[in-house]
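Heavy-atom basis, side chains included; hydrogens, waters and symmetry copies ignored. In what follows, every chain begins at residue 1, and chains take the letters A, B, ... in the order their sequences are listed.
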Amino acid sequence: MGITENILKRVGLGVNKPSGDQPSTFWSRNRGWLLLTITGALFAAYPFLPFISDYWIDVAFFVGIYALLGLSLNIVLGEVGLFDLGHTAFYAVGAYVTAILNTTLHVPIIVLLPLSALIAAGFAFLVTSPVIHLKGDYLCIVTIGIGEIVRLTMINNPFNLTGGPNGINGIGGPNLFGLAINSSTQFYFYTWIIIGIVVFGLVRLQHSRIGRAWNYIREDETAAEASGVDVRSYKLLAFVLGAALAGIAGNIYASKQMSVSPQSFTFIESSLLFCIVLLGGLGSIPGSILGAAVVVVFPEVFRQFATYRLLFFGLALMLMMIFRPGGMWPRKREGTGLDGLGIRGLPKKDEDLIPLGKPDPAMLKPSTTAVVRGVKLPPVTVVMDEGMLLQTHGATLKFGGLTAVNNFDLNVRTGKITSLIGPNGAGKTTLFNMITGIYKPTSGQIDFLGRDITGLKPHTIISYGIARTFQNIRLFPSLTCIENIMSGPHCHARSGTWAAIMHTIGEVREERDIVATAAYRLDQVGLWKYRNELAKNLPYGKQRYLEIARALATAPHLLILDEPSSGLNDRESEDLMVLLQALVKEGFTLLLIEHDMQVVMGISDWVAVMDMGQKIAEGLPKDIYNNQRVIEAYLGKEDD
Amino acid sequence: MATFFEQLINGLTIGSFYALVALGYSMVYGVMKLINFAHGDLFALGSYLGYTLLIASSSWVTVHFGLWGGMAIAMLFAFVGIGLAGVLMERIAYRPVYPAGRLSLVVSALGMSIFLQNGIMAIWGSRPQAYPAAVVPSTRFSLLGLPVTSLQVVILLLSFTLMLVIWFIVEKTTFGAAIRATALDRSTATLMGIDVRVVIFFIFALGPALGGIAGVMNGLYYRAISFNMGWTYGLKAFTATILGGIGNIPGAMIGGLLLGLMESLFAGYISGAWKDVFVFVILIAVLLWRPTGLLGEKTAEKV
């Protein structure tokens, strides 16, 4: 499984297409390597072609700069979906760090290459961490603001460092262990070799838990957080990595131009980068490179039209979005055979894969020890009542003057099915949101497995062993079913950026475990044959099962289901009941919100009733069934 | 005190340009959830349209209708012209792209912006043009002992009137209710019998048209206009929109005026070179304090 397949192999997204049915020819087996060799040869030959002048080699160099910038913005905008219209700021920081340190302290350019990446990354961390929680357009204007602040600061020449509007001249060129790089051809190779290395790393990241976590956030931030992704950290990571790449581009640009000035880092530049990513296709690595080529080459080709060339360019951008809104080379989600997911060491046949998930009890069964895979839980501090898995004590949530949940004590017994019922608007989902960490209680305490989990972040709570589904299904719509479920084991895995790029032994094993777990759960809910189908294409009922499978894949102790049977017909509801009972047998504890009384009375061991935020009754299903207050809450009181 | 007053009037004048442009941004955003990056360039185009009319056949308009008459006609011309341009822009650049989603719309808007900017350059040239002194009223007088120009007074009065009219239309009329309903939930609005196409037509005509008037006023006030001034004004107006709370009509007005005031006071008292840095720092600070702007409603996502 080579990197090339991931970049170049365009695997079709067929439903239920077994991996083994294609004839194995020399071409199909080595397609990736062949395409990589051809691409490499074309790149290597380009400067030596007879009709290519130095001018066009320089154009190719600038395509490289913009490709790097496009790839760097693609991480933030394409992978995570963050609206960044000030990305030039990081490019500028890289370029100016290079310019200032080279001209004043005479630090060699080649040393400054990693240093500008590091400083740009540090700068990104500093400026984005206070604002990273802002949503959509608000984050957008803040990034524009950061871009403008950086540019204006360069113009205003603080401490005589930046040279004002004229910038800094006399920057040296890179010197690679005695080989000075100064001709157009040398710069061309220097840049494109760096891009090659960057692309290698980015492809690896795309196919790791990091890249998937980014995509989960892009698809649905709340669902990502609720599936165990530390949304804030992964957003910051995207900005930091993106800025590092932009810093590298800045360094190369400064050393090639031998000068930097604020005119190169305007808002227009940032918006061009934005266009590069969208022209190529969101989240698509070859797309970003292609987008850069279009944005740089287009105005060059139309140079003879002088004043009209940008006019045409603007027109072309619009036409492009009308006729090919997904971009020129959109990323396809990998499918057909699990090798398409880029995980090595998996069995070739599907049938061999599903049992593979089984033998690893730590990944599947709720763990009874304090260590759940990679995550070490804090020591037990709270004494809970005998036999209880989860207890809320006086849980209260107020929205302004409205008390949504009032002093609620909920008890969930280990290994049982507890149902929470009540009329619409009683506050049931709000209580669930408090337990899972989406809302912070105004007062009260929530204990789980002997630990106080009140006010913890959702991704932390899930790693403790509470998983949930949503009332209105929240999947990652444009990802495949198996990718959806692979978010489950995410919170128990540890591999970081470096491990993902290097494919360390631990990382490869972890990835294999993640796929195996996902495969097992997908099979368990009967959706294995839809593994490569995009989640949004599934019918409603199947989406519910997919969501349950995703929650199960986190290996929870407690599974919280918010109206699992809503939207299902009678037969589907019965199937669901069978599945839920099987889950209890497997060792899970269940907590449900449910309106379907047949489901509630049929499978619950314990029922709590909520009305107007308060607990009005609690007991065995048959007692609740006949409870006068419960009947009043549902049907209203008879006045006379 | 005189300096302060001067900066205040100056700030309010610039602020009212920002506010008018921001209103257009906010109206379009409110209904379409689209950041119309070409909006600033329509403002610039408005400026050029007014300029062209005022200098045409040796200022024929001013000669025949007088200074104020000429000004009024130029503004009306820009109002109608830019309103039409706005509607055309929606038809050409946005309507075909709606199904593709918001990010594609942003690219299309950026493309439109580049197109307009370079279109202006192709027609009127890359060098700045100037509104001739002969078409600009220059009477100065003293208001409560402080010097103002008649142009400033007219600009302020007109902008505030326009803002009030827009506020009245959006908040107090039935059609305004239709606009607000469309902004909140387009499909429900359709079900309630609102012709969403009319609403879209209206906001894409009126929003840019206000910018067109602001463009002419800006030309009369500063005299010099350039093909790429739309970027700067667009960016400032967008900042004002966010500052006030995007999609919120009074928010856009307050955001614009506040931005103008802060800018000119900071420039007058502390440093002209750092004023824009100051503006963006304030913006970020406001967003940290109120993540949806000054008047923006807190949106809680239903989970």
Side-chain angles (χ1 to χ4, degrees), chain A residues 77 81 83 85 127 130-131 133-142 144-146 148-149 152-153 155-156 221-222 226 266-268 271-272 274-275 277-279 282 307-323 325-327 399 429 432-433 438-439 470-472 474, chain B residues 29 33 35 37-38 92-97 99-119 121-122 125-126 228 231-232 234-235 238-239 241-243 246-247 271 273-277 279-281 283-284 287-288 291-293 296 299-303:
Chain A
L77 173 67
F83 220 148
L85 258 173
V127 295
V131 295
H133 62 280
L134 293 174
K135 302 266 182 253
D137 302 318
Y138 293 94
L139 185 68
C140 170
I141 186 72
V142 167
I144 294 178
I146 291 169
E148 284 296 285
I149 290 172
L152 293 164
T153 307
I155 292 178
N156 286 333
E221 208 175 308
T222 309
T266 53
F267 173 57
I268 302 170
S271 43
L272 274 186
F274 198 92
C275 295
V277 173
L278 271 130
L279 280 179
L282 269 188
T307 43
Y308 296 106
R309 65 195 179 114
L310 285 174
L311 193 78
F312 291 150
F313 179 65
L315 207 60
L317 282 181
M318 288 184 267
L319 288 175
M320 199 52 211
M321 287 302 115
I322 293 169
F323 294 108
F399 294 111
T429 301
F432 277 16
N433 284 337
I438 290 175
Y439 296 147
F470 292 89
Q471 193 173 345
N472 41 353
R474 299 189 82 133
Chain B
Y29 183 89
K33 306 288 173 273
I35 305 175
F37 280 104
I92 296 166
Y94 301 148
R95 190 171 294 183
V97 191
R102 298 194 52 204
L103 288 169
S104 304
L105 273 170
V106 169
V107 171
S108 194
L110 288 169
M112 190 71 204
S113 169
I114 294 172
F115 177 80
L116 280 174
Q117 196 173 336
N118 288 281
M121 191 180 81
S126 58
N228 55 6
W231 276 113
T232 327
L235 195 56
F238 183 44
T239 309
T241 317
I242 296 268
L243 195 64
I246 197 161
S271 151
W274 290 93
K275 73 172 165 109
D276 288 349
V277 174
V279 163
F280 285 114
V281 170
L283 172 83
I284 294 173
L287 287 182
L288 288 181
T292 49
T299 48
E301 197 187 0
K302 180 131 173 75
V303 181

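The two residues L134(A) and L287(B) make their nearest non-hydrogen contact at CD2-O, 3.9 Å. Shown here for V106(B) and F83(A), the closest heavy-atom pair between the two residues is CG2-CZ, 3.4 Å. M318(A) and A93(B) make their closest contact through SD-CB, 3.4 Å (heavy atoms, listed as atom of the first residue, atom of the second, distance). Residues G119(B) and L311(A) come closest through the heavy atom pair N-CD1, 3.1 Å. In terms of heavy-atom proximity, S104(B) sits nearest to P325(A) at OG-O, 3.4 Å. In this structure, S271(A) and W231(B) approach most closely via the heavy-atom pair OG-CH2, 3.9 Å.
Note on G293(B), S113(B), P96(B), S126(B): by heavy-atom pairs under 4.5 Å with chain A, the leading option is P96(B). Between chain A and the residues V281(B), T241(B), N118(B), the most heavy-atom pairs under 4.5 angstrom are made by N118(B). When each of A100(B), P291(B), P99(B) is scored by its heavy-atom pairs under 4.5 Å with chain A, the top score falls to P291(B). Between chain B and the options V142(A), T266(A), L279(A), I268(A), the largest number of non-hydrogen pairs under 4.5 Å is found for I268(A). Contacts with chain B were tallied for N156(A), T153(A), L152(A); N156(A) has the most, counting heavy-atom pairs under 4.5 Å. Ranked by heavy-atom pairs shorter than 4.5 Å toward chain A, the options S271(B), G101(B), G111(B) are led by G111(B).
In this structure, OG1 on T232(B) lies 10.5 Å from CZ on F267(A), to the nearest 0.5 angstrom. Note that SG of C275(A) and CD1 of I114(B) are 5.5 Å apart. Values are rounded to the nearest 0.5 Å. Rounding to the nearest 0.5 angstrom, the gap separating the CG atom in L85(A) from the CD1 atom in I35(B) is 7.5 Å.
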Query - Pair I146(A)-F280(B), side-chain contact (heavy atoms from CB on, under 4.5 Å): steps then yes or no - result: CA-CA 8 Å; I146(A) 291 169; F280(B) 285 114; over 6 Å; no
Query - Evaluation steps, side-chain contact (heavy atoms from CB on, under 4.5 Å), between I149(A) and I284(B) - result: CA-CA 11 Å; I149(A) 290 172; I284(B) 294 173; 4.3 Å; yes
Report task. Any chance you could lay out the side-chain contact (heavy atoms from CB on, under 4.5 Å) test for L288(B) and H133(A), step after step, and finish with the verdict? Result -> CA-CA 9 Å; L288(B) 288 181; H133(A) 62 280; 3.9 Å; yes
Query raised in the report: Going through the distances and angles, do E148(A) and L235(B) end up as a side-chain contact (heavy atoms from CB on, under 4.5 Å)?
Result: CA-CA 10 Å; E148(A) 284 296 285; L235(B) 195 56; 3.7 Å; yes
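Remark: A122(B) pairs with Y308(A) by the side-chain contact (heavy atoms from CB on, under 4.5 Å) rule, at least two apart or across chains. When the ring pair (Phe, Tyr, Trp, His ring centres under 6.0 Å) test is applied to F312(A), the partners found at least two apart in sequence or on another chain are F302(A), F305(A).
Looking at Y29(B), only its side chain comes within 4.5 Å of chain A, counting heavy atoms on both sides. With a threshold of 4.5 angstrom between heavy atoms, L103(B) approaches chain A through its backbone and through its side chain. Neither the backbone nor the side chain of L319(A) comes within less than 4.5 Å of any heavy atom of chain B. Residue V279(B): no heavy atom, backbone or side chain, is found under 4.5 Å from chain A.
Using a 4.5 Å heavy-atom cutoff, the side chains of F37(B) and F274(A) are not in contact. Looking at D137(A) and R102(B), their side chains come closer than 4.5 Å, going by heavy atoms from C-beta outward.
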